[in-house]
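We use all heavy atoms of the structure for the numbers below, so side chains are in, but hydrogens, waters and symmetry mates are not. Since the model is a prediction, treat every value here as computed from it, not as a measurement.
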Amino acid sequence: MSLTLYNSLSRRKEPFETLTPGRVLMYCCGVTVYDYCHLGHARSYIVWDTVRRYLEWRGYAVQYVQNFTDIDDKILKRAREEQSTMAAVSEKYIAAYFEDMERLNIRKANAYPRATHALNGIQRLIHELEQKGIAYAAEGDVYYSVRSFPGYGKLSGRKLDDMQAGASGRVEVPESNHPESNHPESSHPESNHPEPNTSVPEPPDDPSAEPKKKDPFDFALWKAAKPEEPFWDSPWGAGRPGWHIECSAMVRDGLGEQIDIHVGGADLIFPHHENEIAQSEAVTGKSLARYWLHNGMVNVEGEKMSKSLGNFTTIRQLLDEPLAILEGDRFDPMALRLFVLQAQYRKPIDFTPEAISSAQISWQTLKAGLTFAQDFGNALGWTDLESDDSRAGLQNPSEVAQQAVQRFQSSMDDDFNSPGALAVLFELAKELRRAGNVINHVGKSDRDASDLRQEWQTLVDLSTVLGLEVLGLEAASAQEASGQAQVNSPEIEAMIAARTAARQSKNFAESDRLRDLLKAQGITLIDQPDGTTRWRQGSARP
RNA sequence: GGCGGCAUGGCCAAGUGGUAAGGCAGGAGCCUGCAAAGCUCUUACCCCCAGUUCGAAUCUGGGUGCCGCCUCCA
């Protein structure tokens, strides 16, 4: 069995072969840090984190690098609004990024280069492009001459001439800028509409508005500094880098001239990744990345979630606010992860209340399987959970465990088909939940303890590959909860005895009253065929 | 207008030539004084039309609908 992945470059699934056996160099386009991350970002980074985890599980040593864009017009705009600086705004949202990602159990990259730390590499790259006659300076700006790179358009599958026709249709109304040109945005501060603001410092990419460009599709590698903006000295004068060049430079500095996998949102294919290829490959003469992978968008009511449409929900908003659809509960971060992984990564997913509640409940099911050892390990005599050889059983995996791993792998090998992989996890989790319920209700298991042990261990292992884990805090509180139950035990036993007496005298009204009383405290009673009554805490378990 | 993608049950979503995984949500029954759990059963004309084939959700052609990119965007 071999791993196959869909390469945006060829628009086909291809077998995965690394540049160096056993090693994967992987670069992920990160965020521009001017605001909190929304669900679109969450999806992207959950997906690529999962890909990275899977590659490692498959035995590859993965070097994973993800950048922060911390030089950008939007950051500057935010800094002006907050009477702050670009650096301060960046720091704030980088910190927020890490907080959000940690909650989603996204593992840290090996490196997080920032544009502001990559100026040397950026300038070197621009210089080399200039030497090769592909970049040209114009009044303090430097542009990339798109027509000098024969391969331009190979990733996005478009031709410059085709685009020109389309672009002209969009840019035909430059007059719309004029009426508002002397109305700063503060003239309508109460407006929450995310209308494109015509007073932003940078004009839209209107070819006619940038006469410095030789060709309308040329793009900026370096931008001359405007007054009161941060700048860096350069051979072309004071200024700052364009957006695309930073990734070319950071890939080269952090991973080398050629990498295995370059990933990012599908909305980055053009122009960002196309330009990145043009920049890097024109200099090195080598293909930049062997595989280009792009995740699908998160939609809201059929439309892409995006800043400009204003239809976004931030990660922290979704996780922190009690939700009506969840009857006032908060959305579990792992349920968000599940929501993302329940779709194949290239397909769009719709963010709806139904999807949220479905994911939340699904996570409860999976969690019941994951906490099986914690809940029932004692009952099954699993005393070695903490010890090093606790996984010894997996040396000789059972048929069920082997098949689960095999099915999981063959799904994931097929272009990271996580929905298929999840089906395997759910089958294991549901069986464990069933077995646990039987123990609760009958007092003993109807399954062989070591078989269950293997199924549980397999579930935990495979879930971890997808980053679906019961994290520390939750695990601790679950244990705490079971400890509490012990404390109240005598009181409960007394009530059960009273109820048993009532039942024996057929006083069912009293018997039901006591049942309801305990139920209100979260205690569920289980009458046994032999007339005795068992109980357990927690009525929520489905 | 150009390029790309998607259409499977109430919702989500696998399946890429041999008569439909899984999740969520439902229905019926057995069991129970009532419960809880368990068990059994149960819900698909795979967007439409034509073609290839012994056989297609799966391949080919045409159509319809939706989405993304072409402008900052995960």
Side-chain angles (χ1 to χ4, degrees), chain A residues 8 11 28-32 34 37-48 72-74 153 156-159 161-171 196 200 202 204-206 217 243 263-272 274 294-299 302-309 312 338-339 342-344 346-350 352 354-355 357-363 365-366 407 411 414 417-427 429-430 433-434 436-442 446 503 506 508-509 511-512 515-516 519 524-527 529 534-536 539 541:
Chain A
S8 300
R11 286 171 212 92
C28 175
C29 275
V31 278
T32 301
Y34 71 103
C37 286
H38 60 62
L39 295 177
H41 301 110
R43 181 183 195 187
S44 192
Y45 302 120
I46 287 170
V47 162
W48 304 127
D72 178 85
D73 289 333
K74 290 185 292 294
S156 54
R158 57 193 80 203
K159 301 182 184 78
D161 297 328
D162 291 342
M163 285 194 296
Q164 207 144 19
S168 67
R170 290 171 166 274
V171 200
V200 293
E202 210 70 0
D205 201 10
D206 174 355
F217 291 98
W243 174 36
V263 303
D267 51 358
L268 296 182
I269 293 172
F270 190 91
H272 184 59
E274 194 69 65
H294 293 98
N295 65 277
M297 300 293 101
V298 174
N299 289 168
E303 269 191 323
K304 176 185 169 184
M305 176 179 288
S306 74
K307 294 284 192 171
S308 51
L309 288 171
F312 61 92
L338 198 53
F339 164 68
Q342 270 176 332
Q344 208 276 344
R346 286 188 285 121
K347 291 195 172 185
I349 48 178
D350 225 24
T352 62
E354 293 73 27
S357 91
S358 173
Q360 181 92 333
I361 297 166
S362 300
W363 170 240
T365 299
L366 205 50
R407 284 170 61 210
S411 280
D414 181 14
N417 181 353
S418 53
L422 280 171
V424 177
L425 302 195
F426 274 104
E427 285 170 26
K430 284 213 151 186
R433 186 180 63 178
R434 189 203 62 78
N437 281 330
V438 167
I439 293 172
N440 263 335
H441 285 261
V442 181
D446 63 345
R503 287 180 74 212
K506 307 259 186 225
F508 293 125
S511 138
D512 288 345
R515 175 194 286 288
D516 292 343
K519 191 174 186 177
T524 303
L525 300 182
I526 305 147
D527 294 330
R534 304 173 60 84
W535 65 273
R536 66 177 171 85
S539 52
R541 173 160 294 177

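Taking atom CG of A/Asp414 as the reference point, atom P of B/G22 lies 19 Å away to the nearest angstrom. Rounded to an integer number of Å, the gap from CD of A/Gln344 to P of B/U8 is 15 Å. One interatomic measurement links the two molecules: CG of A/Leu338 to P of B/C11, which rounds to 20 Å at whole-angstrom precision. Atoms CD1 (A/Ile349) and P (B/C67) sit 17 Å apart, rounded to a whole Å. The nearest whole Å value for the distance from the CG atom in A/Asp161 to the P atom in B/C70 is 19 Å. In this entry the distance linking CG of A/Asp350 with P of B/G68 reads 11 Å, nearest Å. Put simply, CZ on A/Arg534 is 21 Å from P on B/A35, counting in whole angstrom units. Between A/Arg515 atom CZ and B/C34 atom P there is a gap of 11 Å when expressed in whole angstrom units.
Here the shortest heavy-atom pairing between A/Leu338 and A/Trp363 reads CD2-N, 3.5 Å.
Closest contact between the side chain of A/Asp512 and the listed nucleotides B/G22, B/A35, B/C34 involves B/C34. Side-chain proximity of A/His441 to the nucleotides B/A74, B/A7, B/A36 is greatest for B/A36. Listed nucleotides B/C69, B/C34, B/A14 differ in distance to A/Asp267; the shortest reach to its side chain belongs to B/C69. Nearest nucleotide to the A/Val438 side chain, out of B/G38, B/A35, B/A74: B/G38. Closest to the side chain of A/Met297, out of B/A74, B/A36, B/G33, is B/A74. Here the side chain of A/Lys304 is nearest to one of B/C70, B/G68, B/A37, namely B/G68.
Residue contacts for A/Gly296: at a heavy-atom cut-off of 4.0 Å it reaches a base atom on one of the strands shown. No contact: A/Phe339 has no heavy atom under 4.0 Å from any strand. Looking at heavy-atom distances under 4.0 Å, A/Ile269 makes no contact with the nucleic acid at all. At a threshold of 4.0 angstrom between heavy atoms, the contacts of A/Val424 with the nucleic acid are absent. Using a 4.0 Å heavy-atom cutoff across all strands shown, A/Thr352 reaches no nucleic acid atom at all. Nucleic acid contact for A/Asp516: none, since no nucleic acid atom lies under 4.0 Å from a heavy atom of the residue. Contacts of A/His38 with the nucleic acid, taken as non-hydrogen atoms under 4.0 Å apart, include base atoms.
A donor-acceptor contact shorter than 3.5 Å is absent between the side chain of A/Ser358 and the backbone of A/Glu354. Using modelled atom types, no side-chain atom of A/Asp414 and backbone atom of A/Asn417 make a donor-acceptor pair closer than 3.5 Å. No donor-acceptor pair closer than 3.5 Å links the side chain of A/Arg534 to the backbone N or O of A/Val442.
Regarding contacts with the backbone of B/A7, a side-chain N or O of A/Lys347 is found under 4.0 angstrom from either OP1 or OP2. Between A/Asn417 and B/G15 there is a side-chain N or O to OP1 or OP2 distance below 4.0 Å. A sub-4.0 Å separation between OP1 or OP2 of B/G38 and a side-chain N or O of A/Asn437 is present.
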When you check every protein heavy atom under 4.0 Å of nucleotides 23-32 of chain B, what one-letter string (B, S, -) results, 5' to 3'? SSS-------

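Partners of A/Ala343 by side-chain contact (heavy atoms from CB on, under 4.5 Å), not counting sequence neighbours, listed by chain and number: A/Arg43, A/Ile349. Under the side-chain contact (heavy atoms from CB on, under 4.5 Å) criterion, A/Thr32 pairs with A/Tyr34, A/Thr69, A/Asp72, A/Ile75, not counting sequence neighbours. Shown here are the side-chain contact (heavy atoms from CB on, under 4.5 Å) partners of A/Pro271, two or more places apart in sequence or in another chain: A/His244, A/Asn275. Residues passing the side-chain contact (heavy atoms from CB on, under 4.5 Å) test with A/Lys304, sequence neighbours excluded: A/Asp267, A/Met297, A/Asn299, A/Ser306. Applying the salt bridge (Lys or Arg N to Asp or Glu O under 4.0 Å) criterion to A/Asp512, with sequence neighbours excluded, gives no partner residue. Residues forming a salt bridge (Lys or Arg N to Asp or Glu O under 4.0 Å) with A/Arg515 (at least two apart in sequence, or on another chain): A/Asp527. In this view, A/Arg407 and A/Glu427 satisfy the salt bridge (Lys or Arg N to Asp or Glu O under 4.0 Å) rule, not counting sequence neighbours. Among residues two or more places apart in sequence or in another chain, the salt bridge (Lys or Arg N to Asp or Glu O under 4.0 Å) test is passed with A/Asp446 by A/Arg434. A/Tyr45 is linked by a ring pair (Phe, Tyr, Trp, His ring centres under 6.0 Å) to A/Tyr97, counting only residues two or more places apart in sequence or in another chain.
To the nearest whole angstrom, the two C1' atoms, one in B/G15 and one in B/A56, are 13 Å apart. One C1' atom belongs to B/G26, the other to B/G18, and the distance between them is 32 Å to the nearest Å. Separating the C1' atom of B/A57 from that of B/A7 is a span of 11 Å, rounded to the nearest Å. The separation of B/G27 from B/U19, taken at their C1' atoms, amounts to 26 Å, rounded to a whole angstrom. For B/C45 and B/U40, the P atoms lie 26 Å apart once the distance is rounded to whole Å. Distance check on atom P: B/C69 versus B/G9 gives 26 Å, rounded to whole Å. Nucleotides B/A28 and B/C11 have their C1' atoms positioned 22 Å apart, rounded to a whole Å.
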Dump every N/O contact between nucleotides 3-5 of chain B and the protein below 3.5 Å, one line per pair.
residue	atom	partner	partner atom	Å
B/C3	O2'	A/Ser156	O	3.3
B/C3	O2'	A/Gly157	O	2.9

Identify all pairs in which a protein N or O lies below 3.5 Å from an N or O of nucleotides 39-42 of chain B, and state each distance.
none

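B/C72 is unpaired under the Watson-Crick or G-U wobble criterion, no partner having all donor-acceptor distances under 3.5 Å. In this structure, B/A44 forms no base pair with any nucleotide, since neither Watson-Crick nor G-U wobble geometry is met with both distances under 3.5 Å. Within the shown strands, B/C6 is the pairing partner of B/G65 under the Watson-Crick or G-U definition, both distances less than 3.5 Å. Using the Watson-Crick or G-U wobble rule with both distances under 3.5 Å, B/G38 pairs with B/C30.
Contact check for A/Lys506 versus A/Phe508: side-chain heavy atoms found under the 4.5 Å cut-off.
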Assess the residue pair A/Val31 and A/Cys37 against the criterion (side chain to side chain contact (heavy atoms under 4.5 Å, CB included)); give the C-alpha distance rounded to whole Å, side-chain angles, the decisive distance to 0.1 Å, and a yes or no. CA-CA 8 Å; A/Val31 278; A/Cys37 286; 4.1 Å; yes

